[in-house]
Colleague: 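One structure is given below, represented as structure tokens, and several questions about it will come after.
A, B, ... follow the sequence lines: proteins, then strands. Residue 1 opens every chain.
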2 protein chains.
Amino acid sequence: MPGNSMKISEEPKVARARCHTNPNVSCSDCRLGALCLPIALSTEEVDQLDEIVKRGRPLQKGDHLFRESDEFHSVYAVRSGSFKAYSITDSGEVQVTGFYLPGEILGMDGISSRHHCASAVALEVSSVCEIPFERLEGLATKLPSLQHHFFRIMGKEIIKDQQMLTLLGCNSADERLSSLLLSISARNSSRHLSATKFRLAMTRSDIGNYLGITVETVSRSFGRLQKNNVLKVTNKEIEILDMDALKKAANVNQDK
Amino acid sequence: MPGNSMKISEEPKVARARCHTNPNVSCSDCRLGALCLPIALSTEEVDQLDEIVKRGRPLQKGDHLFRESDEFHSVYAVRSGSFKAYSITDSGEVQVTGFYLPGEILGMDGISSRHHCASAVALEVSSVCEIPFERLEGLATKLPSLQHHFFRIMGKEIIKDQQMLTLLGCNSADERLSSLLLSISARNSSRHLSATKFRLAMTRSDIGNYLGITVETVSRSFGRLQKNNVLKVTNKEIEILDMDALKKAANVNQDK
DNA sequence: TGCAAACATTGATTCGCGTCAACGAAGCGA
DNA sequence: TCGCTTCGTTGACGCGAATCAATGTTTGCA
């Protein structure tokens, strides 16, 4: 199919050695497999999935993967980097609805109608696997385990959003921020990155917007957590010094 | 399959004339069809769906459809009445995650793992169609349009939750309450009930919990909306007097 | 390398909503 | 129908976070 990688601008300048930045790596070789769609598929099934997946060039920071009201064609698996999903309210304000890390699936907001109802923008140099949804559906009809797995992925998104609702329902600024950090920590951990030391790709403003608090409050909350020796914060670099204290501060189950 | 209707207690005492309370009505006869799973299915397909659907006796107010940590077996379509979904946080507090009206699908929180992560309780005498999920998956493999439709239903749930996130993100008590009322109004309207006059099955406490505000604030917010001649509130009976003003108060798009 | 824009921090002040308390109203079982 | 329990309303008060403002820091482009 032509136009395979037309969506994405700029010649890739990053190394091609690592699987998650190399457009030619197949699903079966990708080390994110255990987190991503191929999980629970047999080798032949993965190969069939592989055939419908489009791998584009990396997106630059600030590039949009899709925009609100774009026609919906595909969901995307984050291969490297990270994305922020957001929508614009009637009153013209931005609302960040989620952050997506490698192995996570983006764009499911478009499944129920013919268009996306959120935008997705790269927070850093990032790459994705584009999965045309119609073809995924077609394949899912033939591969029950793929159908099952995609139902589960969507179910996970539902749970994630509902946990977020719980968080925003009644928790304080410190609890919200702590929960977000724990969530990122756990997600990093599940992809074999450090659970205690990481770089936040998003701005304080994104964090605040996502958590339903202002930038200033985010900043002060970071300050408090740092003062209590729970965190070490150096700009966007976060080090969790006391995981138990952070969990206590979050006051929320983080098992998933 | 035996034990078809064992889940549900008490002999039904409600009339059997209306389709949505009659356990013997098939999907093809149910007037909720246009909202529920059968939408977009052919007659024969609906008949196949019909075969896997279990219709139980009505649930009484306060009866649980399923509980958090129950094993997940089925999703449920509300046939009549209404339900509240909620979960218990670590700190032991209740968090209401949604209200479900006739034609809406409940229980998708269990799809991604083997157990539910929320409880569902009837807010009034209610009845459901139980749809064993494994059998639904099996049928979806054979009926692409059913698969497609269920993907869409799950997508809708995701969007609904994300809109809720947006609402809780930064809106005032009045905006939240107005949005909920508009949502219920629109959902009533889509099932050919009055968009301007309805009875809230849930308590003020449920509403507040769902919206992330206290009972007292709910009460005061109702008071303000009433004082401004936007609503007429008589206990649980709500009459929307000025839809435009309510939309303005909600300050949020309600189209879906 | 330097400058401007975007991002982040900190302080002072304000305000919406939570909390506490009291009481009235509705729903329900005996 | 009574009496209890749950639910709902109203008022007083204080706190946490928003807002406003000023300033420092980082980033990215020319």
Side-chain angles (χ1 to χ4, degrees), chain A residues 10 13 60-63 84 91 93-96 121-125 167-180 199-227 231-238 249 251, chain B residues 10 13 60-63 84 91 93-96 121-125 167-178 180-181 199-227 231-238 249 251:
Chain A
E10 297 303 318
K13 291 194 175 71
Q60 298 301 304
K61 177 175 176 177
D63 285 353
K84 149 179 105 173
S91 26
E93 281 149 54
V94 172
Q95 175 64 47
V96 175
V121 64
L123 292 172
E124 57 199 305
V125 174
L167 185 65
L168 295 191
C170 56
N171 297 86
S172 70
D174 286 11
E175 288 169 329
R176 295 180 193 198
L177 183 60
S178 304
S179 291
L180 175 62
R199 184 169 194 284
L200 296 174
M202 67 292 283
T203 66
R204 300 286 195 267
S205 166
D206 287 335
I207 293 175
N209 189 298
Y210 179 61
L211 296 176
I213 53 184
T214 60
V215 203
E216 294 93 329
T217 302
V218 173
S219 190
R220 283 185 252 266
S221 191
F222 267 127
R224 280 188 292 268
L225 289 169
Q226 197 165 205
K227 202 183 61 182
L231 299 179
K232 184 165 179 298
V233 183
T234 315
N235 302 322
K236 304 203 163 186
E237 296 294 336
I238 304 295
N251 195 26
Chain B
E10 298 302 319
K13 290 192 178 72
Q60 298 301 304
K61 178 176 176 178
D63 285 352
K84 150 180 105 174
S91 26
E93 281 149 55
V94 172
Q95 174 65 47
V96 176
V121 65
L123 293 172
E124 58 198 305
V125 175
L167 185 65
L168 296 191
C170 55
N171 297 85
S172 70
D174 286 10
E175 288 169 329
R176 295 180 193 199
L177 183 60
S178 304
L180 175 62
L181 294 176
R199 184 170 194 284
L200 296 174
M202 66 293 282
T203 66
R204 300 286 195 266
S205 166
D206 288 335
I207 294 174
N209 190 298
Y210 179 60
L211 296 177
I213 53 184
T214 60
V215 203
E216 294 93 329
T217 303
V218 173
S219 190
R220 282 185 254 264
S221 189
F222 266 127
R224 280 188 292 268
L225 288 169
Q226 198 165 205
K227 203 184 58 181
L231 299 180
K232 183 166 180 297
V233 182
T234 315
N235 303 322
K236 304 204 163 185
E237 295 294 336
I238 303 294
N251 195 28

Colleague: According to side-chain contact (heavy atoms from CB on, under 4.5 Å), who are the partners of A:Ser219, at least two apart in sequence or on a separate chain?
Modeller: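 Testing A:Ser219 for side-chain contact (heavy atoms from CB on, under 4.5 Å), a comparison that skips the adjacent residues, returns none.
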Colleague: How bent is the helix from C:dT1-D:dA30 to C:dA30-D:dT1, comparing axes over its five end pairs at each side, to the nearest 10°?
Modeller: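 Both end axes considered, the difference amounts to 60°.
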Colleague: Rounded to whole Å, how long is the line connecting atom CG of B:Leu211 with atom C1' of C:dG18?
Modeller: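 The distance from CG of B:Leu211 to C1' of C:dG18 comes to 15 Å, rounded to the nearest Å.
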Colleague: Among residues at least two apart in sequence or on other chains, which ones pass side-chain contact (heavy atoms from CB on, under 4.5 Å) with B:Gln226?
Modeller: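 Counting only residues at least two positions away or on another chain, B:Gln226 forms a side-chain contact (heavy atoms from CB on, under 4.5 Å) with B:Val233.
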Colleague: Atom NZ of A:Lys84 to atom C1' of C:dC7: distance rounded to whole Å?
Modeller: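 Rounded to the whole Å, the gap is 12 Å.
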Colleague: Rounded to whole angstrom units, what separation is found between the CZ atom of B:Arg176 and the P atom of C:dC17?
Modeller: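 Distance check: B:Arg176 CZ to C:dC17 P gives 8 Å.
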Colleague: Report the residues that fulfil side-chain contact (heavy atoms from CB on, under 4.5 Å) with A:Thr217, sequence neighbours left out, ordered by chain and then residue number.
Modeller: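 By the side-chain contact (heavy atoms from CB on, under 4.5 Å) rule, A:Thr217 matches A:Ala173, A:Ile213, A:Thr214.
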Colleague: Closer than 3.5 angstrom, by distance alone: can the side chain of A:Asp206 be matched with the main-chain N or O of A:Lys84 as a donor-acceptor pair?
Modeller: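 No; judged by distance alone, with no hydrogens or angles, the pair does not exist.
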Colleague: Heavy atoms only, 4.0 Å cut-off, all strands: where does B:Gly212 land among base, sugar-phosphate and nothing?
Modeller: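 Sugar-phosphate, no base atom in range.
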Colleague: Can you name the atoms? Protein N/O to nucleotides 8-10 of chain D N/O, anything below 3.5 Å, with the distance.
Modeller:
residue	atom	partner	partner atom	Å
D:dG8	OP1	B:Arg204	N	3.4
D:dG8	OP2	B:Arg204	N	2.8
D:dT9	OP1	B:Arg204	NH2	3.4
D:dT9	OP2	B:Arg204	NE	3.0
D:dT9	OP2	B:Ser219	OG	3.0
D:dT9	O5'	B:Ser219	OG	3.0

Colleague: At under 4.0 Å between heavy atoms, what does A:Gly62 touch on the DNA or RNA strands: base, sugar-phosphate, or nothing?
Modeller: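 Here A:Gly62 touches no strand at all.
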Colleague: Residues two or more places apart in sequence or in another chain: which of them pass side-chain contact (heavy atoms from CB on, under 4.5 Å) with B:Lys61?
Modeller: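 Checked B:Lys61 against side-chain contact (heavy atoms from CB on, under 4.5 Å); zero matches.
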Colleague: Looking only at atom types and distance, does a side-chain atom of B:Glu175 sit under 3.5 Å from a main-chain N or O of B:Leu167, one as donor and one as acceptor?
Modeller: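 No; judged by distance alone, with no hydrogens or angles, the pair does not exist.
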Colleague: Output all residues satisfying side-chain hydrogen bond (donor to acceptor under 3.5 Å, both in side chains) with B:Glu93, sequence neighbours left out; order by chain, then residue number.
Modeller: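 Listed in chain order: nothing, the list is empty.
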Colleague: Rounding to a whole Å, what distance do you find between A:Glu175:CD and D:dG16:P?
Modeller: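 That distance rounds to 12 Å.
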Colleague: Can you measure B:Gln60 atom CD to C:dG29 atom P for me and round it to whole angstrom units?
Modeller: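 Distance check: B:Gln60 CD to C:dG29 P gives 10 Å.
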Colleague: To the nearest Å, give me how far apart CG (A:Leu200) and P (C:dA8) are.
Modeller: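 The answer, rounded to whole Å, is 10 Å.
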Colleague: What's touching nucleotides 28-30 of chain D from the protein side, N or O pairs under 3.5 Å?
Modeller:
residue	atom	partner	partner atom	Å
D:dG28	OP1	A:Lys61	NZ	3.0

Colleague: What distance do B:Asn235 atom CG and B:Arg204 atom CZ have between them, rounded to the nearest 0.5 Å?
Modeller: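 Between B:Asn235 CG and B:Arg204 CZ, I get 7.5 Å after rounding to 0.5 Å.
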Colleague: How many Å lie between CG on A:Leu177 and P on C:dT9, as a whole number?
Modeller: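 In whole Å, C:dT9 P and A:Leu177 CG are 11 Å from each other.
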Colleague: Taking A:Arg176's backbone N and O only, do any of them form a donor-acceptor pair with A:Asn171's side chain (distance below 3.5 Å, no angle check)?
Modeller: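 The answer is no, because no donor-acceptor pair under 3.5 Å joins these two groups.
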Colleague: Give a yes or no answer on whether the side chain of A:Gln95 reaches the backbone of A:Asn209 with a donor-acceptor pair at less than 3.5 Å.
Modeller: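 A pair under 3.5 Å: yes.
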Colleague: Roughly how many Å is it from CG in B:Asn209 to C1' in C:dC17, rounded to a whole number?
Modeller: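 Nearest whole value for this atom pair: 16 Å.
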Colleague: Tell me, please, which residues at least two apart from B:Glu237 pass salt bridge (charged side-chain N to carboxylate O under 4.0 Å, His left out).
Modeller: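 Here the qualifying residues are B:Arg199.
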